[in-house]
Protein chains: 2
Amino acid sequence: MFSKTFGYALRATVYVAVHGRIDKKVGLQDISEGLGIPHYFLGKIMQDLVRHGILDSTKGPSGGFFPNEHTADIPLTNILKITDGNLVFDQCALGIKRCNAEHPCPLHDDFAACQMK
Amino acid sequence: MFSKTFGYALRATVYVAVHGRIDKKVGLQDISEGLGIPHYFLGKIMQDLVRHGILDSTKGPSGGFFPNEHTADIPLTNILKITDGNLVFDQCALGIKRCNAEHPCPLHDDFAACQMK
DNA sequence: CAATAAAAAGAGTTAAAACTCTTTAATTAT
DNA sequence: ATAATTAAAGAGTTTTAACTCTTTTTATTG
Ligand code: FES
Ligand code: FES
């Protein structure tokens, strides 16, 4: 459906948004245990989220991740773009090259309802 | 979204349903060229479809694939199960273990509309 | 200003999906 | 019956996603 990475990223973002504040940072260990996501792998994903401004972080003791002013308003699709690229959006559900309302594939209508653009 | 294999399987099935009859079989070469799907890979997928009774086939000269009495009525989800397993159905969009109406994840409602069960 | 604690960065390995090639079995036509 | 043709089966390789480990950087705290 979507990549596992996307699921991890989204859940971690929500986790940090719920449990963290600027004065109450959430550690990687905490997140990975709380959500059952492989520790090191989640580390990589968090780097990406911070790089793209979805969350903020600080290093050092009592450092960790915390939401910023944007976090609550970020569209899901932004995170999806970060983790899965935007092929999900450009492509039809079946990966057919040129599909649109004029040249629809057999599934075009069924899936139009599920497309997020 | 879905595996490429699913897209190939579905398109090939439609192709055979449209172009083939019991007295007018469609060759693998024909399908793979017509749809732009890697020849050998499609062969493997077709084997699976025939094994599961989605299509029929015969070997030998002027052999090939052709629709059977079920082909037209097969639900899409059957093909999806063959190619992608039924994890797509059991699992929530994010792969969270225990998600249901009682314990919904943040996306549960958004995605419920897209689930095919 | 050390010592320590945390994320960032770099450089991998492992597992799964996508794809290829070769051989075998079945069918048809000569 | 033999040769030709086509799918089935078996056994790979390649590519991508998932995951791990080690080193470096940055901040905190005693
Ligand atoms: S070609 Fe796939 S949704 Fe239209
Ligand atoms: S837990 Fe994912 S849709 Fe509900």
Could you tell me if the side chain of [Y] sits less than 4.5 Å from the side chain of [X], heavy atoms only?
| X | Y | value |
| --- | --- | --- |
| A:T71 | A:T13 | yes |
| B:H70 | B:I54 | no |
| A:S32 | A:Y40 | no |
| B:N68 | B:L55 | no |

### Message
Can you build the contact string for nucleotides 7-15 of chain D? Use B for base contact, S for sugar-phosphate-only contact, and - for no protein heavy atom under 4.0 Å.
### Response
BBBBB----
Take the protein atom [atom1] of [X] and the nucleotide atom [atom2] of [N], then report the distance between them rounded to whole Å.
| X | N | atom1 | atom2 | answer |
| --- | --- | --- | --- | --- |
| A:D23 | D:dT28 | CG | P | 13 Å |
| A:I37 | D:dC19 | CD1 | P | 10 Å |
| A:D84 | D:dA18 | CG | C1' | 13 Å |
| B:L42 | C:dC19 | CG | C1' | 12 Å |
| B:K25 | C:dT28 | NZ | C1' | 10 Å |
| A:K4 | C:dT14 | NZ | P | 18 Å |
| A:D56 | C:dA8 | CG | P | 10 Å |
| A:F66 | C:dA7 | CZ | C1' | 12 Å |

### Message
So, does A:T5 get its side chain near the phosphate of D:dA18, meaning an N or O under 4.0 Å from OP1 or OP2?
### Response
yes
### Task
For C:dT13, take OP1 and OP2 only and decide whether either is under 4.0 Å from a side-chain N or O of A:Y40.
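So the side-chain polar atoms of A:Y40 never come under 4.0 Å of the phosphate oxygens OP1 or OP2 of C:dT13.
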### Message
Could you measure the distance from the CD1 atom of B:I22 to the OG1 atom of B:T58? Nearest 0.5 Å is fine.
### Response
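Taking CD1 in B:I22 and OG1 in B:T58, the distance rounds to 9.0 Å.
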#### Entry: Check: A:R21 side chain, A:F66 main-chain N or O, donor-acceptor pair, under 3.5 Å
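Pair absent, no side-chain N/O of A:R21 close to backbone of A:F66.
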